[in-house]
Peer 1: 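Let me begin by handing over the structure; questions about it come next.
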Amino acid sequence: VADVLREWRAEHNRTLLDDEIVAVAEQVIERATTALPDADARSRQPRLRRIHDEVRAELARQRPTLILQLNARAARWWA
């Protein structure tokens with residue numbers, strides 16, 4: 001998970017520190033492995049699928065910050 005986050009960081013010119021990446025990776029795995037009620041459809045999914053889904057959700061949460069950074073850069077460029 002940490003390697004995926006590092007690759008994403010590099011591809012999107014993000015400045016996440018390794019400590020932040022490790023912490024986020026641990027949070028992703030913890031969320032994916034938390035026991036769910038039997039009624040929850042995700043409880044029947046394989047662990048790897050749940051980790052995949054949590055990684056995607058985390059990257060989606062990171063994306064708005066990236067957009068704000070790009071807008072700030074563009075504003076400085078046009079000024």
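Heavy atoms only: backbone and side chains are in, while hydrogens, waters and symmetry mates are out.
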Peer 1: Please step through side chain to side chain contact (heavy atoms under 4.5 Å, CB included) for the pair Arg47 and Thr33, ending with a clear verdict.
Peer 2: CA-CA 7 Å; Arg47 180 176 180 266; Thr33 57; 3.2 Å; yes
Peer 1: Quick one: closest heavy-atom pair of Arg42 and Leu36, and the distance?
Peer 2: CB-CD1, 3.5 Å
Peer 1: Val1 versus His52: any side-chain heavy-atom pair under 4.5 Å?
Peer 2: no
Peer 1: Could you list the donor-acceptor pairs under 3.5 angstrom formed between side-chain atoms of residues 16-27 and any protein atom two or more places apart in sequence or on another chain?
Peer 2:
residue	atom	partner	partner atom	Å
Asp18	OD1	Arg6	NE	3.3
Glu20	OE1	Leu17	N	2.7

Peer 1: Would one find more than 12 heavy atoms of other residues, nucleotides or ligands at under 6.0 Å from atom CZ of Arg44?
Peer 2: yes
Peer 1: Restricting to side chain to side chain donor-acceptor pair (under 3.5 Å), what partner residues turn up for Arg49, sequence neighbours left out?
Peer 2: Asp53
Peer 1: Could you pull out all residues at least two apart from Glu58 that satisfy salt bridge (charged side-chain N to carboxylate O under 4.0 Å, His left out)?
Peer 2: Arg31, Arg61
Peer 1: Just checking Asp40: does its CG atom have more than 12 heavy atoms from other residues, nucleotides or ligands closer to it than 6.0 angstrom?
Peer 2: yes
Peer 1: Heavy atoms only: give me the nearest Val28-Glu54 pair and the separation to one decimal.
Peer 2: CG1-CB, 3.7 Å
